[in-house]
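The structure under discussion appears below in the form of structure tokens.
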Amino acid sequence: GIITGFNQPQGECSDNHGNVYVANTQANQVQEFSRAGILLNTYPDKSGYPVGCAVNPINGDLAVANVSGFSSLGRVLLFTSPKTRPTSLINPAQVSYFFLGYDIHGDLWVDGRDKQKNYILSSCGGFVCRTINLTGGKIYFPGAVQWDQKEYSWVLFDQRCGNTTAACSYW
């Protein structure tokens, strides 16, 4: 087989310089690579299992979504650099965190599951994440959370569209 050096990689993101970050879930770290594939930095995740990431376009901070923690619930970690201790953000209503995204203003949204295992979407800022109320449909399994610059709106993805094996997106 092909040896990649990853141990269950999941979410990826990139920054304004073209560097690519990979959430290496079972290795409990996010790795930053140049566009040529050279490892630049490793962000250690000492609190859980990272599955998603996003880079703040305003200040370059790296946000990491932990689906779950080692001995606790998931959370969002904000890194200002690979060497600094990250800030931890949680929404009391949310137990797992999957994918996240920033808009052009530095606003962070993250999806996941609540205590009843229903889809939940949070807006994070300061030291807390708050639930965003959604209407007009049901998302069955968290997918990507992306800012659409052209349409100037958020796009949410469902990995089990209509509770089937298809994926879909919602603006």
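What you are looking at is a predicted structure, and each value in this text was computed from that prediction instead of being measured.
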Practice task
Apply side-chain contact (heavy atoms from CB on, under 4.5 Å) to the pair Q94 and D114, showing each step before the final yes or no.
Solution key: CA-CA 4 Å; Q94 192 163 347; D114 66 12; 5.9 Å; no
Problem - Results of side chain to side chain donor-acceptor pair (under 3.5 Å) for D15 - residues two or more places apart only - result: N19, Y21
Problem - Heavy-atom pair with the smallest gap, counting every atom of A65 and V110 - result: CB-CG2, 4.3 Å
Problem - Nearest-0.5 Å distance, CG of residue D103 to CD of residue Q149 - result: 9.0 Å
Problem - Pairing residues for F70 by the side-chain contact (heavy atoms from CB on, under 4.5 Å) criterion, not counting sequence neighbours - result: N28, Y49
Handout entry: Y97-V95 co-clustered via ILVMFWY side chain contacts under 4.5 Å
Key = no
Exercise for the section: Please check if the distance between the ring centroids of W154 and W147 is under 6.0 Å. Expected result: yes
Exercise for the section: Please tell me if the side chains of V145 and L100 come closer than 4.5 Å, counting only heavy atoms from C-beta onward. Expected result: no
Problem - Donor + acceptor pair across side chains of S123, R130 (<3.5 Å) - result: no
Handout entry: Euclidean distance, D45 CG relative to T25 OG1, rounded to 0.5 Å
Key = 9.5 Å
Practice task
Nearest 0.5 Å please: distance from the CD1 atom of I120 over to the NZ atom of K115.
Solution key: 9.0 Å
Exercise for the section: Mind checking side chain to side chain donor-acceptor pair (under 3.5 Å) for S14 and listing every partner two or more places apart, or none if nothing turns up? Expected result: none
Practice task
Mind jotting down which residue pairs meet the disulfide bond (SG atoms under 2.5 Å apart) criterion with at least one end in residues 42-119? Sequence neighbours excluded, please.
Solution key: C13-C53
Exercise for the section: Identify the two heavy atoms, one from G106 and one from N56, that lie closest to each other, and give their separation to 0.1 Å. Expected result: CA-OD1, 3.6 Å
Exercise for the section: With side-chain contact (heavy atoms from CB on, under 4.5 Å) as the test, would you mind laying out the steps for F33 and L40 before giving the verdict? Expected result: CA-CA 5 Å; F33 296 90; L40 300 175; 5.8 Å; no
Problem - Test item: N66 side-chain N/O and S68 main-chain N/O as donor-acceptor pair under 3.5 Å - result: no
Practice task
State, with a plain yes or no, whether a side-chain heavy atom of R113 is found less than 4.5 Å away from one of P142.
Solution key: yes
Practice task
Only one of F141, W109, Y119, F157 passes ring-ring contact (aromatic ring centres under 6.0 Å, His included) with F98; say which it is.
Solution key: F141
Problem - Shortest non-hydrogen contact from P44 toward P82 - result: CD-O, 3.8 Å
Handout entry: Straight-line distance of L156 CG to L134 CG, nearest 0.5 Å
Key = 6.5 Å
Problem - Check: S122 side chain, C124 main-chain N or O, donor-acceptor pair, under 3.5 Å - result: no
Practice task
Check the hydrophobic clustering (I, L, V, M, F, W, Y; side-chain heavy atoms under 4.5 Å; chains of links allowed) and say if I132 and I104 are grouped together.
Solution key: yes
Exercise for the section: State, with a plain yes or no, whether a side-chain heavy atom of S47 is found less than 4.5 Å away from one of L77. Expected result: yes
Problem - Inter- and intrachain pairs under side-chain hydrogen bond (donor to acceptor under 3.5 Å, both in side chains), touching residues 34-43, at least two apart - result: E32-N41
Problem - Approximate separation, where rounding is to 0.5 Å, of L73 CG and N91 CG - result: 11.0 Å
Handout entry: side-chain contact (heavy atoms from CB on, under 4.5 Å) assessment of L108 paired with V76
Key = CA-CA 10 Å; L108 178 65; V76 173; 4.1 Å; yes
Handout entry: Beyond-backbone contact of N24 with V30, side-chain heavy atoms, under 4.5 angstrom
Key = no
Practice task
Mind listing the closest non-hydrogen atom pair of L89 and V128 along with its distance?
Solution key: CD2-N, 3.6 Å
Practice task
Output the distance between atom CG (D61) and atom CZ (F79), rounded to the nearest 0.5 Å.
Solution key: 11.0 Å
Practice task
Indicate if V67 and F99 have the same hydrophobic cluster label, given that clusters are the connected sets of ILVMFWY residues with side-chain heavy-atom separations under 4.5 angstrom.
Solution key: yes
Practice task
Check whether any side-chain heavy atom of V155 lies under 4.5 Å from a side-chain heavy atom of Y170, and answer yes or no.
Solution key: no
Fill in the blank from the handout: Tightest non-hydrogen contact, residues Y102 and P57, listed as CB-CD, 3.6 Å
Handout entry: Pairs touching residues 133-168 that satisfy disulfide bond (SG atoms under 2.5 Å apart), sequence neighbours left out
Key = C161-C168
Problem - Neighbour count above 12 (heavy atom, 6.0 Å) for H105 NE2 - result: yes
Problem - Test side-chain contact (heavy atoms from CB on, under 4.5 Å) applied to L39 and Q31, step by step - result: CA-CA 7 Å; L39 179 63; Q31 295 169 297; 3.8 Å; yes
Completion exercise
Correct closest heavy-atom pair for G52 and A23 would be N-CB, 4.0 Å
